[in-house]
Amino acid sequence: MGVLDWIVFFAFIGYVVWDGMRRRSGANDLEGYYAGGRKIPWWAAGLSIMATQASAITVIGTTGQGHEHGMRFVQSYFGLPFAMVLLCIFLVPLYRSRNVLTPYELLEDRFGPMSRTLASTIFLCSRCLALGAVIYAPSVALSAILGIDTMVAVFIIGALTTTYTLVGGVSAVIWTDVKQMAVILIGLVVVFVTLLWELLPQFGSFGKMLEVAGAADKLGALEVMPANDGLMPRTHAEVEGAIGDPSFWEQKYNVWAGVFGGLFLHLSYFGCDNSQAQRLLTSKNASESKKSLLLSAFAKVPMQAFVLLIGVMMWLFYAVNEQPMLYKADHITASQSEKFAARIAPLQVEFDTAHAERKASLLALAKVEGGVTADPVALKRYHDAIASVDNARKKARVLIHATTDAKGKDEDDKDTNDIFCRYILAQMPTLLLGLIIAAIFAAAMSSIDSVLNSLSGATVIDIYRRWIKPDCSDAQALRVGKFITLFWGVVATFTALFFAGGGSIIEMINQVGSWFYGSLLGIFVMALFMRRAGDLAGALGLLGGMLAVLVVHNTIKVEFLWYNVVGLVGVLVVGFVTSLVVKRR
């Protein structure tokens, strides 16, 4: 990074911290600290909802997904618009029927204290784990830029964000999120334009770039059946009976998992997770809260597709330029490096040969008149070259694990999170690099601050004020809340250490959430539609949902998006059976 890059980067970081801390005047009571005085405009709350989800995980992890696996990941968001509409119809009116500070307060009115406390505890556990991943993601970028250890970067990110969140409360969170969302979008557009500038001379048109990427199976955003091992189109016979194939349920991303599993994931995340539901409590009325949700409903899927497309374009860039066989191998220790270097040398030769063939076949295919399918021979050569490159990279990953004794870990996606960082550090010009790094940090802070404030709110309102000191004043509760914000900041920062080397961050965050979200959604569905269920039914239902996910995880090979459905069904079944046996008091 040059001097101008550092100026842009530190200017932005300083502004965000200052902007958050100057909001402290509106955080003098619990309403101000956790609900913004119910005065936040709908568009600001909506942008904060988007910014919270568009974390550094989106910028770093999703581009890596696009590079490695194409557009398939966007399917996990197909259920989002439907989820937002359902939330506007059912949950928003429920939340705005009372001036609550967390959605779990309503569960005590409907069921009792056990259900409320258990639901809040599930939220606290799930979001603390997920927050660790959110802090870890930008730390990867910071460590690469500054040449410092990733764990040092983790502590820097955690400390900066905790500081202004502790002082300014949810108003600081939302208004800094608005600015951060703008920087995120500008940064992504800059990267997209830079990639276009570099690739157009070699391909001639954007349409030709998409055609060649599509021939490599990078643009397939609709997967209605188990993926085959080849790159050619699937036959009608393969499509028939796909759902009956066990591998259908083991597939990470397809239309059905996205629409149904993703629907329940997003219903719970945006409606039952306090880090998002809290935004619905900051606007002045239910109508404003609905608008903030619908803003995200219509903007999130196109934004996610755009970020994945950037990843696909990065794949094209490295396909026609020099590409590392491994984007990151710095976890090889000094004692292992000599042994690793000797064993990786033949693979490097294999990779370089395959990469050169892929480049030649790709450029030749791009010149075929009438589309890539007009020359089957050139298309097959292209597919064979892609397979050779992928095979060499896979062998290198296996060798990494054999060298480091990483037992039981998947060989795929271990350097996915470094693709975006490597590209911007090597290709972005001065000043723009500082802007992109600022965008990564904007994305990180916009997610971390939201979760910290919501963790503090649930702890104070649902635990401390409900069980430990019910008669405490607002001033006392606010002092405790600020201390708890600091506490969760420290805990989440240390939790981030858990995610080091854990694979694709964007997948990790959804996997963590899917363990808990179906159960959280289930208890609110019970509150709305199971009128005879009491506190015991609610509490046992929550435990039943969590147990159902655990049982399915250990007995049946099902991908994580379906855990949301399993958890929901588990809550409803156990809750319903309990309500038949135990009458509501």
*Between the side chains of S514 and N564, does any donor sit under 3.5 Å from an acceptor?*
yes

*Report, as yes or no, whether the 6.0 Å neighbourhood of atom OH on Y15 holds more than 12 heavy atoms from other residues, nucleotides or ligands.*
yes

*Report the C-alpha separation of Y269 and Q276 in whole Å, then their side-chain angles, then the decisive distance to 0.1 Å, and conclude whether the side-chain hydrogen bond (donor to acceptor under 3.5 Å, both in side chains) test is met.*
CA-CA 7 Å; Y269 176 56; Q276 293 289 356; 2.9 Å; yes

*May I ask you to say whether D471 pairs ionically with R465, meaning some side-chain N is under 4.0 Å from a carboxylate O?*
no

*Taking atom CZ of F155 as the centre, report whether more than 12 heavy atoms of other residues, nucleotides or ligands fall under 6.0 Å from it.*
yes

*Please determine which of V167, T163, T161, T162 meets the side chain to side chain contact (heavy atoms under 4.5 Å, CB included) test together with T165.*
T161

*Just checking, any donor-acceptor pair under 3.5 angstrom between side chains of R38 and T282?*
no

*asked:* ring-ring contact (aromatic ring centres under 6.0 Å, His included), that's the test. Do W515 and W562 meet it? Break it down for me.
replied: CA-CA 10 Å; W515 274 83; W562 294 107; over 10 Å; no

*Short N-O contact, R466 and E108, less than 4.0 angstrom*: yes

*asked:* Quick check on F306: does its CZ atom have over 12 non-hydrogen neighbours (other residues, nucleotides or ligands) under 6.0 Å away?
replied: yes

*asked:* Is a donor from one side chain sitting under 3.5 angstrom from an acceptor on the other, for S454 and S275?
replied: no

*Do the rings of F524 and Y104 sit parallel, tilted or perpendicular, given the 30° and 60° boundaries?*
tilted

_Y563-F264 aromatic ring centre distance below 6.0 Å_ = no

